[in-house]
Amino acid sequence: MANMVEEGIVAPTGLIAHGRGEAFDYLLGERTTDNGRRAEMVAVATLLNGNRPVISVNGNTAALCAKDVVELAEAVKARIEVNLFHRTEERVQRVCAFIEEAGAKEALGRNADALLPGISSDRARCTKEGIYSADVVLVPLEDGDRAEALVKFGKKVIAIDLNPLSRTAKAAHITIVNEVTRSLPAMTAMVPELRRNGDKRLALINAFDNQQNLHEAMEIMRANLSSMQS
Ligand code: ATP
């Protein structure tokens with residue numbers, strides 16, 4: 001990640017966010033829990049049921065797992081759009097090129113021609129053909145303001161966030177409490193079975209309650225902390 005700062009892919013504050021993630025991953029036990037896996041299945045079902053799914057990529061996600069993003073996007077037929085908290089045209093170009101070097105036909109975001117309502121920063125900038133007109137948006141490692149704005153704008157929001165207490169985790173419709181590099185390949189592997197089985201997709205989606213999901217994730221962390229003490 002430090003090298004990626006030098007490459008201009010990750011913003012310096014991205015390192016702090018990464019450290020926050022690592023701290024929560026310790027509490028989670030640095031593994032995919034059954035809770036995380038269920039949320040991943042619901043997320044894949046939702047992406048497959050979407051008409052215009054988009055995966056929103058920031059610098060940290062690109063640095064950690066550009067190839068995994070590309071593979072999931074291909075599997076669920078989603079567009080990829082780069083959206084940066086610390087946006088400069090040069091950085092957007094750089095991150096888009098990085099994703100394309102990892103195999104994407106096209107990463108949207110260079111020609112941001114629309115604004116997401118409810119955000120005053122540059123993060124509001126998006127593309128009409130991508131996030132602006134998406135129905136489902138997967139936001140790995142998102143900040144709370146934008147996650148809330150996406151929900152208010154009517155998007156079905158799927159977050160990947162190791163911190164079940166974050167505003168993003170609470171605002172999203174589906175929050176995967178897992179590390180992003182464990183999560184994305186596992187999600188891609190789930191696609192063939194779920195693509196074939198529409199009833200299963202619907203059952204997964206209907207049975208899911210994100211509040212309960214976050215409660216379970218916190219319980220797992222609480223239990224891990226207790227067992228570390230004894
Ligand atoms: P919020 O604004 O949502 O309340 P925040 O201020 O922590 O939270 P950011 O720093 O923009 O927002 O979000 C980064 C989030 O991503 C953090 O919650 C962090 O725990 C999480 N995170 C960081 N690295 C990873 C990772 N590798 N996998 C999954 N989640 C991660």
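Read the numbers this way: they start at 1 and go in the same order the structure lists the ligands and their atoms.
- With ligand atoms numbered from 1 in the order given, ligand 1 contributes 27 (N) to contacts under 4.0 Å with heavy atoms of L64.
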Requested in this report: Could you check N111 against T127 for side chain to side chain contact (heavy atoms under 4.5 Å, CB included), going step by step and ending with a plain yes or no?
Outcome: CA-CA 7 Å; N111 303 312; T127 70; 5.7 Å; no
Applying side chain to side chain contact (heavy atoms under 4.5 Å, CB included) to K155 and V54, what does each step give before you reach the verdict?
CA-CA 10 Å; K155 310 299 179 192; V54 172; over 6 Å; no
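- Geometrically, ligand 1 and V180 share a nitrogen or oxygen pair separated by less than 3.5 Å.
- For atom 25 (C) of ligand 1, the closest non-hydrogen atom on the protein side is L141 CD2, 3.5 Å.
- Side chains of S133 and R52: a donor on one and an acceptor on the other come within 3.5 Å.
- Taking a cut-off of under 4.0 Å to the non-hydrogen atoms of G144, the atoms of ligand 1 that pass are 1 (P), 2 (O), 3 (O).
- Looking at N60 against ligand 1, nothing comes within 4.0 Å, counting heavy atoms.
- Nearest to atom 21 (C) of ligand 1 by heavy atom, out of N178, D161, T13, is D161.
- Side-chain contact between M187 and I176 is present, with heavy atoms from C-beta onward closer than 4.5 Å.
- For atom 5 (P) of ligand 1, the nearest protein heavy atom (residue, atom name, distance) is R20 NH2, 3.8 Å.
- Atom CG of N206 has more than 12 heavy atoms from other residues, nucleotides or ligands within 6.0 Å.
- Scanning the protein heavy atoms around atom 4 (O) of ligand 1, the nearest turns out to be R167 N, 2.9 Å.
- From the protein, the heavy atom lying nearest to atom 23 (C) of ligand 1 is A17 O, 3.2 Å.
- Here the protein heavy atom with the shortest distance to atom 27 (N) of ligand 1 is E179 OE2, 2.6 Å.
- Scanning all protein heavy atoms for the shortest distance to atom 3 (O) of ligand 1 gives T168 OG1, 2.8 Å.
- When each atom of ligand 1 is checked for a heavy atom of N163 under 4.0 Å away, the hits are 18 (O), 20 (O).
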request  = Evaluate the criterion salt bridge (charged side-chain N to carboxylate O under 4.0 Å, His left out) for residue pair E219 and R222; output intermediate values, then yes/no.
outcome  = CA-CA 5 Å; E219 277 301 304; R222 193 186 59 75; 2.9 Å; yes
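- If you check which protein heavy atom lies closest to atom 11 (O) of ligand 1, you get D143 CB, 3.2 Å.
- Here E142 has backbone heavy atoms under 4.0 Å from ligand 1, and that is the only part of it that gets that close.
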